[in-house]
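Worksheet: the structure to be examined is printed underneath.
Just the heavy atoms: all of them, side chains too, but no hydrogens, waters or symmetry mates, feed the values below. Chain letters run A, B, ... following the sequence lines, proteins first, then strands; residues in each count from 1. Computed from a prediction, not measured in an experiment: that's the story for all the values here.
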Amino acid sequence: MATIRTALTGYTRYRGREGQWSFLLHRITGLGVLLFLGIHILDTATVFFYPSLYSHAIAIYRTWPASLGEVVLVFCLFYHGVNGLRIAYFDMVSPKRWMISFERRSSLWTLLIAFILWLPPAVLMIRTMLIFDFGMFGGA
Amino acid sequence: MSTSTIEVPEVPRRVKVPSNYETTAWRWMRYSGVLLIPLAWIHIVLQDAIVSAQNIDLNYVAMRWAILGWRIYDIFLLSFAFAHGMNGLRQVLMDYFSTDSARRTFAWVLFVLWLAITGIGATAIIGGVR
Amino acid sequence: MSQATLKIYRYNPEEDAKPHYDTFTLEVEPEDRILDTLEHIKGYIDGSLSFRRSCAHGVCGSDAMRINGHSRLACKVLVKDLDAGEILIEPLLGLPVLKDLIVDLTPFFDHYKEIMPYLVNNDPPPEKERLQSEAERARFDDTTKCILCAACTTACPPFWSNRRYVGPAAIVNAHRFIFDSRDQGTAERLEVLARPDGVWRCRTVFNCTEACPRGIRITKAIAEVKHAIETGDLTTFVTPVEEE
Amino acid sequence: MTQTHEFEVIIVGGGGAGLMAAMYASQGAKTAVISKLYPSRSHTGAAQGGIGAALGNSEEDHAEWHTFDTVKGSDYLGDQDAIEFMCLEAVQSVYDLEHMGLPFSRTPDGRIAQRYFGGHTNNVTGKPVMRSCYAADRTGHMILQTLYQQCIKNGIRFFDEYHVMDLLIENGAVAGVVAYELATGELHVFRAKAVIIATGGYGRIWEITSNAYSFTGDGVALTLRRGIPAEDMEFFQFHPTGILRLGILITEAVRGEGGVLINDKGERFMERYASHVKDLASRDVVSRAMYLEMREGRGIGGKRYLYLDVRPDTVNKYAEADGRTRPDGSLYRVTAQEILSKIPDITDFCRTYLGVDPVKDPIPVQPTAHYAMGGIPTDKLGRVVVDENNTVLPGLYAAGEVACVSVHGANRLGTNSLVDLIVFGKHAGIDAAKYAQGASLQPLPDDPTAYTQETIHKLMTGDGSEKVAEITRDLRAMMFDHVGVFRIEEGLKEAQVKLEELKERYQHVCVRDQSKQYNTELTNTWELGNLLDLAQAVTVAALARTESRGAHAREDYPKRDDANWLKHSLAWMKDGQIVLGYKPVTITKYQPKERVY
Ligand SMILES: Cc1cc2nc3c(=O)[nH]c(=O)nc-3n(C[C@H](O)[C@H](O)[C@H](O)COP(=O)(O)OP(=O)(O)OC[C@H]3O[C@@H](n4cnc5c(N)ncnc54)[C@H](O)[C@@H]3O)c2cc1C
Ligand code: HEM
Ligand code: SF4
Ligand code: F3S
Ligand code: FES
């Protein structure tokens with residue numbers, strides 16, 4: 001029991017640095033994407049099993065909270081991907097780069113790259129959301 | 001006493017380590033992850049940003065799956081992404097449940113879930129829009 | 001001379017139902033070690049404050065504790081190294097607290113023993129030394145520095161949640177033998193480390209490397225061990241530590 | 001509740017000597033190690049420079065040369081049979097360590113690397129010789145780790161964080177020990193046929209010391225209380241280079257690699273005190289030279305410290321002046337990188353505690369209390385001898401810094417302590433197991449823990465008008481002033497008076513923490529009692545010895561006096577007072593000569 005508590009409160013009681021935060025973010029984004037993916041597989045599968053339900057599902061995706069969620073999802077996937085690549089590169093190709101200076105710098109770069117990659121699709125998606133859900137830019 | 005510099009022969013050291021599930025899983029996370037970069041990124045940028053849910057409906061899905069390439073693409077995406085994610089979840093749970101019985105239990109649950117959902121997804125992709 | 005305030009985690013199982021914090025204010029020099037301040041408190045203010053210590057210069061590994069939230073050796077942190085303001089002193093995380101800053105190290109040493117932390121070589125020894133080139137020796141130099149202080153293992157999130165994880169310190173000590181050209185027990189050692197609670201629980205969180213008072217490149221060492229398990233190759237990926 | 005355990009051999013102390021003894025004893029007897037620290041935290045781990053053995057891996061060397069250097073270093077007070085035995089055994093012991101896995105640094109051809117150290121010379125040319133086998137600057141750490149690892153491999157029983165507080169002797173033989181378990185506050189009786197004491201030294205008596213908090217001489221103190229004498233207590237080594245104020249050691253290897261000591265005027269003053277080997281003279285010589293420099297006002301800024309300079313420019317300048325060459329004949333030149341790679345830990349200490357980078361700035365140093373040459377008298381098999389006639393106390397052994405064989409005499413040579421641990425630890429272990437096979441357990445006294453319980457009870461119930469921390473502080477400052485590098489009659493007499501006062505004050509301390517678990521206040525308080533007793537033995541023995549020899553430098557008797565003082569002192573404790581006796585030095589090959597470096 002004590003270990004579970006430590007597991008949950010450790011992040012506030014231990015002042016980890018970049019590594020700890022990128023690990024948490026990697027884990028949260030990974031699990032977030034997985035949750036979405038599970039749902040997404042099931043709702044898409046309705047096209048074969050219950051085609052009539054599909055439009056209901058899609059309708060939910062079209063609401064603005066879902067649209068915002070997708071914006072976040074895209075960030076999660078980019079961050080998780082870039083960070084996963086960073087880890088895989090250090091692990092598989094160049095273990096000697098696992099040193100403090102590299103770790104700190106590369107964690108920040110990862111965040112930055114994920115952010116830059118995310119911006120264009122995010123702008124597009126937010127624009128679409130504003131058009132469809134809020135009738136801006138002349139609406140649809 | 002010796003002042004010469006006889007190099008000690010460098011025999012490359014190798015050992016045989018029987019490979020086990022965890023080792024394979026670790027490797028899998030990295031290889032599948034790298035593959036997922038094009039697969040997942042293209043998918044999500046295309047569907048969510050460029051096409052967007054606003055323009056997706058049964059017809060769109062039917063049109064897309066009319067092209068065999070997209071079906072193969074989606075099959076790949078499904079198998080890699082979901083297996084990667086489910087194994088990730090299994091690893092996360094292993095951090096929090098350390099008894100063998102708990103680990104066995106959730107490993108089975110996750111396996112069944114993975115099989116079922118992958119099966120459903122694959123059926124849909126192969127079966128197409130009805 | 002200036003004043004410092006220390007907020008210290010207190011727990012005496014014979015008296016307290018729950019841990020609490022005590023605050024002490026005392027005169028300090030900027031060059032004082034945190035250990036000096038603790039000794040001062042124990043000597044002059046509250047004799048019951050309990051902690052381990054021995055060498056007082058960072059080589060024995062007794063006084064690892066959490067200082068301002070980081071695993072550190074109290075004898076290797078000077079008052080001036082810390083931000084101004086209250087200094088927070090707590091026991092290591094992830095091991096049962098026995099009293100004040102003293103934690104139960106049994107799980108830690110058990111993991112150390114699990115990975116066969118000794119040279120295995122069943123050939124009859126030569127008359128003189130076994131030869132080893134400077135390059136072979138350099139490969140595991142970094143991991144010979146470990147003083148078993150437990151700062152790393154108790155900074156590791158996977159260890160907080162799963163005490164069965166062997167933890168970075170044990171892997172560091174395994175590394176020291178795995179890449180020693182004289183060792184013959186490596187295959188067996190790697191098998192232990194390939195188990196579910198071996199190296200694979202490491203998620204490269206890096207808290208260990210940041211915490212190590214001996215500056216060991218722990219995450220690098222772990223990555224090299226992972227490689228050895230994965231490929232059986234004990235040479236290619238292993239490089240001596242370079243200066244940053 | 002007292003638990004009783006039964007073993008054949010009990011080892012008290014998990015440092016280098018204790019673990020070595022455990023490895024060998026366990027091969028022939030049921031063995032356990034009791035240690036007040038986790039073994040890996042013993043002070044052997046702090047040893048930096050190296051372990052001396054005439055392997056001759058880099059240049060010509062012989063065990064006889066090592067023997068002579070040790071005899072000379074000891075200022076002829078070392079017992080020459082034991083020294084010869086140690087220096088011969090050293091070679092095999094170092095190979096044994098290597099076979100156990102010790103990761104020595106290596107020469108280009110793959111052998112154990114060796115380097116210069118103070119007092120180690122080529123007996124023909126008088127030049128320094130590379131005799132110190134090393135693993136970077138953490139040789140002791142590697143020895144301790146390697147031995148601990150081997151003990152784990154051999155499944156040796158450990159009782160960690162148990163303080164041994166009393167030795168049980170029945171019918172003139174060892175019956176066992178009484179230990180206090182820190183985790184529970186309970187007393188344990190360990191019955192044993194043989195007991196090996198390996199508890200290390202007692203440098204904590206002095207204010208500036210390289211020694212750990214736990215170096216409180218428990219072993220010597222508890223045998224002293226049981227009627228066993230302590231030998232040569234007046235000889236305590238002050239290492240020349242401790243970090244200013246903190247006393248943290250900067251190994252002699254820094255000078256071995258070419259570092260030099262510099263005074264306020266920028267002079268390399270050791271040229272004046274030891275024209276041959278200069279900065280690599282024996283420790284007592286260098287420490288005294290430093291004191292004299294500081295006394296003449298040539299300390300840095302007139303203060304009581306000097307510089308140790310290991311910047312590459314300085315090293316190269318003086319190496320050239322000395323005509324120092326590499327083994328292949330080329331000129332000795334170093335780069336900053338090379339220096340850093342040979343002394344990484346020292347560099348770390350300087351950066352952490354002084355904010356000084358040793359390859360860019362000189363290191364402020366002062367002499368620091370370092371090593372106890374004296375201790376429990378033993379023969380060369382580690383058996384404790386209890387009188388002038390070397391009568392053995394059956395079943396009792398001592399090894400390591402706690403013991404006085406005596407191989408270090410009046411001054412220990414650098415690297416010889418680690419040799420001592422390994423060689424005599426091993427032989428004590430072997431002999432104890434052998435003895436245990438032929439002996440039976442002694443009966444226990446009626447109430448084996450009575451004495452210990454009473455001691456603890458007194459400490460827990462004192463009137464509390466005095467503070468342990470204050471007595472400790474006063475003791476250490478007083479001893480550093482009066483019984484330090486230089487000694488003089490008035491100072492020693494004053495120290496004696498002060499010690500009486502301090503012991504009186506100690507009667508009034510009280511342990512406030514009344515809890516059972518992890519009562520470190522109690523153990524600290526008990527340890528202070530040991531320091532006080534040992535300080536008394538040191539002072540009384542120092543006052544009696546009216547000559548200067550090795551580490552014992554009397555300003556009022558500056559000459560060595562072989563006619564009267566070529567003998568070991570023995571100090572007994574009788575009713576709280578120290579009583580002295582003497583026994584002869586064993587001289588085999590080397591007749592005393594004047595000692596010049
Ligand atoms: C900084 C430093 C550097 C040095 N460098 C060198 C060097 O380069 N070369 C060299 O030859 N020598 C060197 N020395 C000297 C040498 O390291 C020591 O003399 C030696 O390590 C002592 O070893 P030991 O086994 O006797 O004691 P230790 O290693 O100190 O072990 C003592 C053990 O006894 C235990 N103990 C103590 N009291 C009790 C008790 N009451 N009950 C139970 N257990 C107890 C402790 O827990 C510990 O395990 C150095 C010393 C210092 C301080
Ligand atoms: C886009 C490309 C991706 C890459 C490069 C990638 C890479 C990785 C890597 C290397 C790991 C292992 C981390 C570790 O062991 O420390 C990992 C873990 C994980 N991944 Fe991915 N991944 C990607 C996509 C995904 C997707 C699409 C999902 C969701 C379905 C996902 C879910 C997870 C989960 C849940 C974990 C476990 C996290 C943890 O252990 O904390 N990943 N990923
Ligand atoms: S690896 Fe570093 S932090 Fe971990 S136990 Fe060893 S010395 Fe301590
Ligand atoms: S903190 Fe833990 S996860 Fe790995 S890199 Fe260090 S062991
Ligand atoms: S007291 Fe030894 S490491 Fe701090």
Check your understanding: Are C/Tyr44 and D/Arg473 linked by a side-chain donor-acceptor pair shorter than 3.5 Å?
Key -> yes

Point to revise | Under 4.5 Å from any heavy atom of chain C - which part of D/Asp160 | key: neither

Review point. Checking heavy atoms, do the side chain of D/Leu102, its backbone, both or neither come under 4.5 Å from chain C?
Key: backbone

Check your understanding: For the residue pair D/Arg41 and C/Ser54, what are the closest heavy atoms and their distance?
Key -> O-OG, 4.2 Å

Practice item. Check whether D/Ile112 gets within reach of chain C through its side chain, its backbone, both or neither, counting any heavy atom under 4.5 Å. Key: both

Point to revise | From SG (C/Cys55) to OH (D/Tyr213), nearest 0.5 Å | key: 10.0 Å

Check your understanding: Side chains of D/His43 and C/Cys60: closer than 4.5 Å at any heavy-atom pair?
Key -> no

Exercise for review: For the residue pair D/His141 and C/Ile147, establish whether any side-chain heavy-atom pair is separated by less than 4.5 Å.
Suggested key: yes

Practice item. Could you tell me which residues satisfy salt bridge (charged side-chain N to carboxylate O under 4.0 Å, His left out) with C/Asp16, sequence neighbours excluded, listed by chain and number? Key: none

Check your understanding: In Å, rounded to the nearest 0.5 Å, how long is the span from OG1 of D/Thr146 to CZ of C/Arg176?
Key -> 6.0 Å

Check your understanding: Checking D/Met100 against chain C: side chain, backbone, both or neither under 4.5 Å from a heavy atom?
Key -> backbone

**Study point:** Nearest-0.5 Å distance, NZ of residue D/Lys153 to CE of residue C/Met116
**Key:** 8.0 Å

Exercise for review: Grab the two heavy atoms, one from D/Gly101 and one from C/Asp180, that are nearest each other, plus how far apart they are.
Suggested key: O-OD2, 4.4 Å

Revision key, fill the gap. When C/Arg182, C/Arg130, C/Lys128 are each screened for side chain to side chain donor-acceptor pair (under 3.5 Å) with D/Glu98, the one that passes is C/Arg182

Practice item. Starting at CG of D/Leu147, measure out to OH of C/Tyr118 and round the result to the nearest 0.5 Å. Key: 15.5 Å

Review point. With a 6.0 Å cut-off on ring centres, are D/Tyr353 and C/His57 close enough?
Key: no

Review point. Once you round to the nearest 0.5 Å, how far does CG of D/Asp109 lie from CG of C/Leu131?
Key: 7.5 Å

Review point. Which answer fits D/Tyr95, side chain, backbone, both or neither, if we ask what part of it has an atom under 4.5 Å from a heavy atom of chain C?
Key: side chain

Point to revise | Residues of residues 513-523 of chain D within contact distance of chain C, non-hydrogen under 4.5 Å | key: D/Asp513, D/Ser515, D/Lys516, D/Gln517, D/Tyr518, D/Asn519, D/Thr520, D/Glu521

Point to revise | Heavy-atom pair with the smallest gap, counting every atom of D/Ile248 and C/Ala56 | key: CD1-O, 4.5 Å

Review point. Using non-hydrogen atoms only, which part of D/Phe104 is less than 4.5 Å away from chain C: side chain, backbone, both, or neither?
Key: backbone

Point to revise | Part of D/His99 lying under 4.5 Å from any heavy atom of chain C | key: both

Check your understanding: Is there a donor-acceptor contact under 3.5 Å linking the side chains of D/Asn57 and C/Glu129?
Key -> yes

Practice item. Heavy-atom distances under 4.5 Å only: say whether D/Arg138 touches chain C with side chain, backbone, both or neither. Key: side chain

Point to revise | D/Met142 versus C/Thr144, closest heavy-atom pair with distance | key: SD-O, 3.5 Å

Study note, to complete from the structure: Okay, D/Asp345 and chain C: the region with an atom under 4.5 Å from a heavy atom over there is side chain

Practice item. Heavy-atom pairs under 4.5 Å with chain C are the metric here; pick the option from D/Ala212, D/Ala46, D/Ser214, D/Pro103 that has the most. Key: D/Pro103

Revision key, fill the gap. Comparing C/Lys113, C/Glu15, C/His40, C/Arg52 against chain D, the one with the most heavy-atom pairs below 4.5 Å turns out to be C/Arg52

Review point. Given that the side chain runs from C-beta out, which part of C/Phe51 has a heavy atom under 4.5 Å from chain D: side chain, backbone, both or neither?
Key: backbone

Review point. Can you say whether D/Lys467 sits under 4.5 Å from chain C via the side chain, the backbone, both, or neither, judging by heavy atoms?
Key: side chain

Review point. Counting heavy-atom pairs under 4.5 Å to chain C, which of D/Leu340, D/Val468, D/Asp348 comes out on top?
Key: D/Asp348

Check your understanding: Considering residues at least two apart in sequence or located in another chain, which fulfil the side chain to side chain contact (heavy atoms under 4.5 Å, CB included) criterion with C/Cys212?
Key -> C/Arg214, C/Ile216, C/Ile218

Point to revise | Closest non-hydrogen atom pair, C/Cys146 against D/Gln145 | key: O-NE2, 3.5 Å

Exercise for review: Describe, in one word, how the ring planes of C/Tyr112 and D/Tyr148 are oriented to each other, choosing from parallel (under 30°), tilted (30 to 60°) and perpendicular (over 60°).
Suggested key: parallel

Exercise for review: Tabulate, in ascending numerical order, the residues of residues 70-81 of chain C having at least one heavy atom closer than 4.5 Å to a heavy atom of chain D, or enter 'none'.
Suggested key: C/Cys75, C/Lys76, C/Leu78

**Study point:** Structural part of D/Glu161 lying under 4.5 Å from a heavy atom of chain C
**Key:** side chain

Review point. Which bit of D/Thr107 comes within less than 4.5 Å of chain C, counting heavy atoms only: side chain, backbone, both or neither?
Key: backbone

Check your understanding: Any side-chain heavy atom of D/Asn524 sitting closer than 4.5 Å to one from C/Lys42?
Key -> yes

